[in-house]
**Student:** 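Take this structure, written in structure tokens, and hold onto it; I'll ask about it next.
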Protein chains: 2
Amino acid sequence: MKESYCDVLIIGAGPAGVMCANALAREGINVRVVDKRPEHIPAGQADGIQPRTIEVLQSYGLADKLLEEGAHLNMMAYYNPTPDGKGIERTSRAPDVNAPTTRWRHQITLNQTAIEDLFLNSMRHHGLHVERPVMPTALSISDDEIVLNDQNAYPVEITLRRLSGSETASMSDANAHTNVVDPTPQLASDSESEELVHAKYVLGADGAHSWVRNQLGIKLEGEHTKHVWAVVDCVPETNFPDIRNRTAIHSNNGSCMIIPREGDLVRLYIQLADADDLANGGRLDRAQVTPERIMNVAKKSMYPYKIEFPHKPIWWTVYIISQRVATQFSAKERVFIAGDACHTHSPKAGLGMNASMNDTHNLAWKLIHVLRGWGSPKLLKTYELERKKFAQDLISFDRKLADMFSGKAATADNAEGVSHEEFQALLRTEGGFTAGTGIQYQPSVITQESSTPPSGILVVGQRVPPQIILRVADCRPFEIQDLLKSDGKWKLLFFVGDCKDEKQTALVNAIGEYLQLPSSFLKRYTPNGASGDAVFSIVSIARTPKDVADYTDVHKGLRLHWSTVYTDDVAVDGKKGGDAYENYGIGHNGAVAAVRPDGYVGYIGSLKDVLDGYLDGYFSGFMLDSH
Amino acid sequence: MKESYCDVLIIGAGPAGVMCANALAREGINVRVVDKRPEHIPAGQADGIQPRTIEVLQSYGLADKLLEEGAHLNMMAYYNPTPDGKGIERTSRAPDVNAPTTRWRHQITLNQTAIEDLFLNSMRHHGLHVERPVMPTALSISDDEIVLNDQNAYPVEITLRRLSGSETASMSDANAHTNVVDPTPQLASDSESEELVHAKYVLGADGAHSWVRNQLGIKLEGEHTKHVWAVVDCVPETNFPDIRNRTAIHSNNGSCMIIPREGDLVRLYIQLADADDLANGGRLDRAQVTPERIMNVAKKSMYPYKIEFPHKPIWWTVYIISQRVATQFSAKERVFIAGDACHTHSPKAGLGMNASMNDTHNLAWKLIHVLRGWGSPKLLKTYELERKKFAQDLISFDRKLADMFSGKAATADNAEGVSHEEFQALLRTEGGFTAGTGIQYQPSVITQESSTPPSGILVVGQRVPPQIILRVADCRPFEIQDLLKSDGKWKLLFFVGDCKDEKQTALVNAIGEYLQLPSSFLKRYTPNGASGDAVFSIVSIARTPKDVADYTDVHKGLRLHWSTVYTDDVAVDGKKGGDAYENYGIGHNGAVAAVRPDGYVGYIGSLKDVLDGYLDGYFSGFMLDSH
């Protein structure tokens, strides 16, 4: 059998897998991705991108195409039974996103294929392609503590098998129906079909039925529900005025959710009324469901509006909602699982693909740090800590939402039903959660509560909220998030205060000198011979008015280039920017924030604390001296 | 000699030529472009893109790359002599762009090569390449009125010669100096080197020394000045804090203009003090000027700041300012000239390349209309009418600016010099002109003053000012300019008022019915078999609040697709949009604006006027019945 070595092997090229693969490939990590499907899925599956995920994609330079191609969901409409109970009428419209600090105040919907393509195209630029159809057949992790602790060792052995045509044909997903004809899988000769890979790390991003998870013996905790839902992607003809808004219909003839999609495409989620007959102990009698039946439910629930389906549906499926979380997200911090392999839930909130991509966005920089020798392996423990808690929160939110959505609407006859107000209130209070912008990571070695936290929206454990600041040298406005690229580096935001204030300047100069000392964390944790910003990228943010601010006022220790000095003021158009200090809750004395490579705030402290070694202490907790 | 036919032959692949070539190629017009230079210029030349030109490039889908690659000039800084007169100090900073309605409130600077590449890349997608090195050697236009009036005839004959290596070598531009090595020109055998082209139209976009202009016997009116300026593109090392802002330095040691460019590049304009010696009767003694001399002037004028030039300049040149306009812009509306062939002036305001591109942006849609048989040839007369007036305004502005800039700064010793206030005031009052957004085309067959003009910023003869409106069906905010693509079509903006108002709806429905009549201008001027929006693209803009507006309320005659109905309201983020009616000065009863394919307002009238045939009358003035 052929043998090979690689640093990271990723099993599964869905959203979680390709997010990780791209993040690693961009940084030159030795990574491979395999997938058992002979070709990229042609249609269907997940389609919702929440505001926080747009921010994350933007940090990888991938948001433009998504924003161009996808449907933008700005408004949500609510329909409920008419007073006579026979039809429906619009109760209200409200913004689809309820989170206060979003950069993009809307969701995007786009087929999963196009979303995966964003990553596949980017990976290609770095020479990485998905190997398919390839599936793992054996997995083992060394028991030897010495090997496990050796960052140069390859403690994971995994056998890969390149599939032949007949094997892949039997693997087609029984749940999914599509008009697009499956491509013919490539044949492989048996003699070349097996390979033993020695890996430093393995990621199982292989879906809800994860083979990797099963090999590790990791269980899912939670339950199957009795809610049976059907979903159909189609191009309807209708006089329904909210067909291009996300619309929740509670009718006496069934509930229905409309999700507008790219072009004229629409996704319909329909709850099948006779769930008890269809779903029995988690097993679904699929033979009873046809797309015509689904579309008939839609027609009835939308009465008196007319909706017709002149074309065959693009894709459709039916499923029982299951709400489960894996008990562990890793084995010995050498094999990790992510995405649907860790958590399954209803698609109601449109969060599945987002949770999956953000799992591996969280993991990727930690792997990069450890593989480069920049960070201690203890960084990898924070992956499960941070993402399992999130997954549990996700499931508990999903329970509330799915129960409420699957329940009957409140009417004169059925006062116990779900009222419009209850439904809207849930979406409102959970706005930050559904937008993804409200995620709060708990304290850990990389996420340290500040003794004197700022009083604003810049919060340790949360992502840096959007804010326009001006580049001092040319007065050009920049979104601060665009200075926080997902490039594997730490970003040190030095809020230096007023550069024209002598006392403040003295303090900032002292920090500049301190950072240039060979003993500073900046020098200790930057490899010899690497550029000054290889690990830590410094951004200075003054609060000097743009008319008088000079980038030359900031000490060279805090300024590698003229483009790294910013100030908090309104742009020349009088519209953008300003109030950064106030919004972030930072006083006139300034502050420093250490932003993790994934865009989350790891530490905030006063400028004086830097001279007293607190920032150094933070990094000493998990970084490794590279000299 | 080889003979061939083409609809439009363009001589010269500079900014004016490629703007026209791309505009025609996009629309499938049979067009060729030739240029005598063996290769695309590698460096130097023009570099400033004004706000209006960014809007125009955006309308062709070409602005993104420009905005990404170029330097953004947000702020302008002014330096004047210190009280002791020995050095300079900053007097003030002010926004670089002073126009009120700009979409982008800054200029862009980028090398001319990169700007031309925007067009060349786009042209390539439509199968059009520049033929080089090719120059014209003979030009004649038929005298036969019957031929001239026949839109199927080819009344222009032009002989083209493909140049050999030795010919192009002697052609290199004596004015330009560059570090980039010129590519070797391609050789052509003599037997294939000449071609007789029969063209319907010819465009001479062949620069200040235009061969086409000379062939037509068109004169330039105006004069050479005595102002001698040098320009150098370099990467300096300096402690000057405004090196990344556009900066005007008036010092007792000479005047200097700093133009920041892409990356760390800077362009310096320097006035040479001994102009009288150098420039004699319009002839310049170039031997006396070296880049070292230019950079020494910069060093002196910037004292006490230090500026060093560790690298050789990328490009430099020296020139006498000439301020001239061609007496005619066309011959028989069969051969046109554009760009530097029509107007030369100082580069101080950064307007040259902008004027050139906007010349052919103005011409292109008129050629498209006539070549397709949509419009009468009288459309072509409006090119000279509109662009010659603009060129004359440009020269008179340039005189004021160049005189002021070339003059000595006002100081205690020199009270008669140019004061800082005078200089700033000129830039402020001419803000709309320098931004390009204030251009006003005079009345003509295509630009008809309204009897009841709106009271706001939507003005006949001006470009449509930016405004965010919401798409009703999905509440997505759109910049109205992005609905006015340069696609050769007319845009009819129907401000339909409140769709929930019964009386207003009755009026709008009547217009919808009227437009669907076979006798309507819409049907008469749309070719048989073409799509309903082939010539006229209708955009409806309501003023119904987003929470209740339904796109289905707008009559089908005004709505080919759900995506064409908009409303005037604030977006769900509470920040963008709203006040479109108020800003544009349109009352509750609505209005209609016919927007020319180049984005300028041709006609505005009331909705009732449409039913009374006024809009029909406007189009009947120059459109041709295509049935």
Side-chain angles (χ1 to χ4, degrees), chain A residues 51 64 67-68 71-77 90 92-98 100 102-106 109 238-247 260 263-264 305 470-478 499 545-554 561-563 565 571-576, chain B residues 51 64 67-68 71-77 90 92-98 100 102-106 109 238-247 260 263-264 305 470-478 499 545-554 561-563 565 571-576:
Chain A
D64 285 355
L67 290 162
E68 185 192 325
H72 294 210
L73 274 51
N74 282 279
M75 192 66 105
M76 182 157 180
R90 185 166 63 218
S92 71
R93 284 178 183 153
D96 187 40
V97 170
N98 284 293
T102 52
R103 179 168 177 190
W104 287 277
R105 203 179 162 117
H106 54 77
T109 57
T238 182
N239 63 353
F240 185 71
D242 285 284
I243 195 72
R244 297 305 307 171
N245 286 323
R246 184 152 85 107
T247 302
D264 289 344
Y305 295 98
L470 306 187
R471 192 158 67 182
V472 171
D474 60 1
C475 212
R476 179 168 168 182
F478 278 81
C499 294
K546 62 180 177 290
D547 291 346
V548 297
D550 292 315
Y551 75 93
T552 44
D553 287 339
V554 173
H561 191 256
W562 59 263
S563 62
V565 181
V572 296
D573 69 1
K575 292 174 189 161
K576 289 188 286 286
Chain B
D64 284 356
L67 290 162
E68 185 192 324
H72 295 211
L73 274 50
N74 282 278
M75 191 67 103
M76 181 156 180
R90 185 165 64 218
S92 71
R93 285 179 182 151
D96 187 40
V97 171
N98 285 293
T102 52
R103 179 167 178 192
W104 286 277
R105 203 181 161 115
H106 54 77
T109 57
T238 181
N239 64 353
F240 185 70
D242 284 283
I243 195 71
R244 298 304 309 171
N245 286 323
R246 184 153 86 107
T247 302
D264 289 345
Y305 295 98
L470 306 187
R471 191 159 67 182
V472 170
D474 61 359
C475 213
R476 178 169 169 180
F478 279 81
C499 294
K546 62 181 177 291
D547 291 347
V548 298
D550 292 316
Y551 76 93
T552 45
D553 287 340
V554 173
H561 191 257
W562 58 263
S563 61
V565 181
V572 296
D573 69 0
K575 292 174 189 162
K576 291 187 283 285

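Order of the sequence lines sets the chain letters (A, B, ...), proteins ahead of strands, with each chain counted from 1.
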**Student:** Provide the closest heavy-atom pair for A/His561 versus B/Asp264 in the form atom of the first, atom of the second, distance.
**Tutor:** NE2-OD1, 3.0 Å
**Student:** Drop me the distance from B/Thr238's OG1 to A/Trp562's CH2, to the nearest 0.5 angstrom.
**Tutor:** 13.5 Å
**Student:** If I compare all heavy atoms of A/Asp550 with all of B/Arg90, which pair ends up nearest, and what's the gap?
**Tutor:** OD1-NH1, 2.9 Å
**Student:** Ignoring hydrogens and geometry, is there a side-chain-to-backbone donor-acceptor pair from A/Arg93 to B/Ala549 under 3.5 Å?
**Tutor:** yes
**Student:** Report the option among A/Asp64, A/Thr552, A/Leu470, A/Asp553 that has the most heavy-atom pairs separated by less than 4.5 Å from atoms of chain B.
**Tutor:** A/Thr552
**Student:** Given that the side chain runs from C-beta out, which part of B/Ile243 has a heavy atom under 4.5 Å from chain A: side chain, backbone, both or neither?
**Tutor:** side chain
**Student:** Does any part of the side chain of B/Asp547, heavy atoms only, come nearer than 4.5 Å to the side chain of A/Met75, both counted from C-beta?
**Tutor:** yes
**Student:** At a heavy-atom separation under 4.5 Å, does B/Lys546 approach chain A through its side chain, its backbone, both, or neither?
**Tutor:** both
**Student:** Specify the closest pair of heavy atoms between A/Asn245 and B/Ala473, including all atoms of both residues, with the distance to one decimal.
**Tutor:** OD1-O, 3.2 Å
**Student:** Work out which heavy atom in B/Phe240 is nearest to a heavy atom in A/Tyr551; give both atom names and the distance.
**Tutor:** O-OH, 4.1 Å
**Student:** May I ask you to test the A/Asn74-B/Arg471 pair for a side-chain heavy-atom distance under 4.5 Å?
**Tutor:** no
**Student:** Before you tell me yes or no, could you show the steps for B/His106 and A/Asp474 under side chain to side chain contact (heavy atoms under 4.5 Å, CB included), namely the whole-Å CA-CA distance, both residues' side-chain angles and the distance that decides it to 0.1 Å?
**Tutor:** CA-CA 11 Å; B/His106 54 77; A/Asp474 60 1; over 6 Å; no
**Student:** Nearest 0.5 Å please: distance from the SG atom of A/Cys475 over to the CG atom of B/Asp242.
**Tutor:** 10.0 Å
